[in-house]
*Asks:* 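Starting off with a structure, shown below.
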Amino acid sequence: MFVGALELDILLGDVHSLKQKRSVVRPVLAEVRKRFAVSVAEAGHADLHRRTLIGVAVVAEGGEHVRDVLDSCERYVASRPEFELLSARRRLLGPDDEAYSG
């Protein structure tokens, strides 16, 4: 089993309030969830109206599949015209990692 996590730091375009931010971010989260069958949430910068941190997680049998899904999620979010992707960080845990026990 492999577990992958992706953290996307995003600058939002023409957004002037937290309410506007939610109206821009929520549909994108729903679409990522639906398209890629992943867990996704706004995971940071909740108090800033022009920034957001989106977290994506996926679990699969193979590491290559996890990487492919995370790559697709990153490309999709980066392609959104209302977002400017500032950075993307990813982590992959597999059966050979110390975090596993058993």
*Asks:* Same cluster or not: are Leu53 and Val15 linked, directly or through other Ile, Leu, Val, Met, Phe, Trp or Tyr residues, by side-chain heavy atoms under 4.5 angstrom apart?
*Replies:*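 Looking at the clustering, Val15 is in a separate group from Leu53.
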*Asks:* Looking only at heavy atoms, what is the nearest atom pair of Ala60 and His65, with distance?
*Replies:*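 Shortest heavy-atom separation between Ala60 and His65 comes out as CB-CD2, 3.5 Å.
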*Asks:* Assess whether a salt bridge exists between Asp9 and Arg89, defined as any Lys/Arg side-chain N lying under 4.0 Å from an Asp/Glu carboxylate O.
*Replies:*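 Result for this pair is no, no salt bridge flagged.
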*Asks:* Could you give the distance from CZ (Phe83) to CG (Leu11), rounded to the nearest 0.5 Å?
*Replies:*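 If we round to the nearest 0.5 Å, Phe83:CZ and Leu11:CG are 10.5 Å apart.
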*Asks:* Any donor-acceptor pair under 3.5 Å linking the side chain of Arg91 with the backbone of Ala5?
*Replies:*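 No, because the side chain of Arg91 does not come within donor-acceptor range (under 3.5 Å) of the backbone of Ala5.
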*Asks:* Assess whether a salt bridge exists between Glu42 and Lys21, defined as any Lys/Arg side-chain N lying under 4.0 Å from an Asp/Glu carboxylate O.
*Replies:*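 Yes, this pair counts.
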*Asks:* Run the numbers on Arg67 and Leu92 for side chain to side chain contact (heavy atoms under 4.5 Å, CB included), then give the verdict.
*Replies:* CA-CA 8 Å; Arg67 280 187 215 89; Leu92 181 66; 3.3 Å; yes
*Asks:* Considering all heavy atoms of both residues, which atom of Val38 and which atom of Ala57 are nearest to each other, and what is their separation?
*Replies:*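 Nearest heavy atoms, Val38 then Ala57: CB-O, 3.5 Å.
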*Asks:* Closest heavy-atom contact between Cys73 and Leu6?
*Replies:*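 It is CB-CD2, 4.2 Å.
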*Asks:* Let me check something: do Val25 and Leu85 share a hydrophobic cluster, defined by ILVMFWY side-chain heavy atoms less than 4.5 Å apart, either directly or through other members?
*Replies:*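 Yes, same cluster.
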*Asks:* For the atom pair CG (Leu70) and CD (Glu7), what is the distance rounded to the nearest 0.5 Å?
*Replies:*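 Output value for this atom pair is 12.0 Å.
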*Asks:* When Ile, Leu, Val, Met, Phe, Trp and Tyr are grouped by side-chain heavy atoms lying under 4.5 Å apart, directly or through other members, which residues fall in the same group as Leu48?
*Replies:*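 Its cluster partners, ordered by chain and number, are none at all.
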*Asks:* Quick one, Glu84 and Leu86 - any side-chain contact, counting heavy atoms below 4.5 Å?
*Replies:*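 A side-chain contact exists here, since the closest heavy-atom pair is under 4.5 Å.
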*Asks:* Of the non-hydrogen atoms in Met1 and Pro95, which two are nearest, and what is the gap between them?
*Replies:*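 For Met1 and Pro95, the tightest heavy-atom pair comes out as O-CD, 3.4 Å.
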*Asks:* In terms of side-chain heavy atoms, does Asp47 have a donor or acceptor partner in His45 at a distance below 3.5 Å?
*Replies:*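 Not at all, the side chains of Asp47 and His45 share no donor-acceptor pair under 3.5 Å.
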*Asks:* Less than 4.5 Å apart, side chain to side chain, heavy atoms only: is that true for Arg90 and Glu74?
*Replies:*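 Yes, their side chains come closer than 4.5 Å.
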*Asks:* Over all heavy atoms of both residues, which pair between Ala46 and Leu18 is shortest? Give the atoms and the distance, please.
*Replies:*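 Heavy atoms only, the tightest pair is O-CD2, 3.5 Å.
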*Asks:* Pair Glu31, Tyr76 - check side chain to side chain contact (heavy atoms under 4.5 Å, CB included), show working.
*Replies:* CA-CA 10 Å; Glu31 186 62 25; Tyr76 175 76; 3.0 Å; yes
*Asks:* Does some side-chain heavy atom of Ile10 sit less than 4.5 Å from a side-chain heavy atom of Ile54?
*Replies:*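 Yes; the side chains approach each other to less than 4.5 Å.
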*Asks:* Between Arg33 and Val40, which heavy-atom pair has the shortest distance, and what is it?
*Replies:*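 For Arg33 and Val40, the tightest heavy-atom pair comes out as NH2-O, 2.8 Å.
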*Asks:* For Val58 and Phe36: C-alpha separation, side-chain torsions, deciding distance, then whether side chain to side chain contact (heavy atoms under 4.5 Å, CB included) applies.
*Replies:* CA-CA 9 Å; Val58 62; Phe36 304 108; over 6 Å; no
*Asks:* Indicate, with yes or no, if Val69 and Phe2 share a hydrophobic cluster defined by side-chain heavy-atom contacts under 4.5 Å among Ile, Leu, Val, Met, Phe, Trp and Tyr.
*Replies:*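 Result: yes, single cluster for both.
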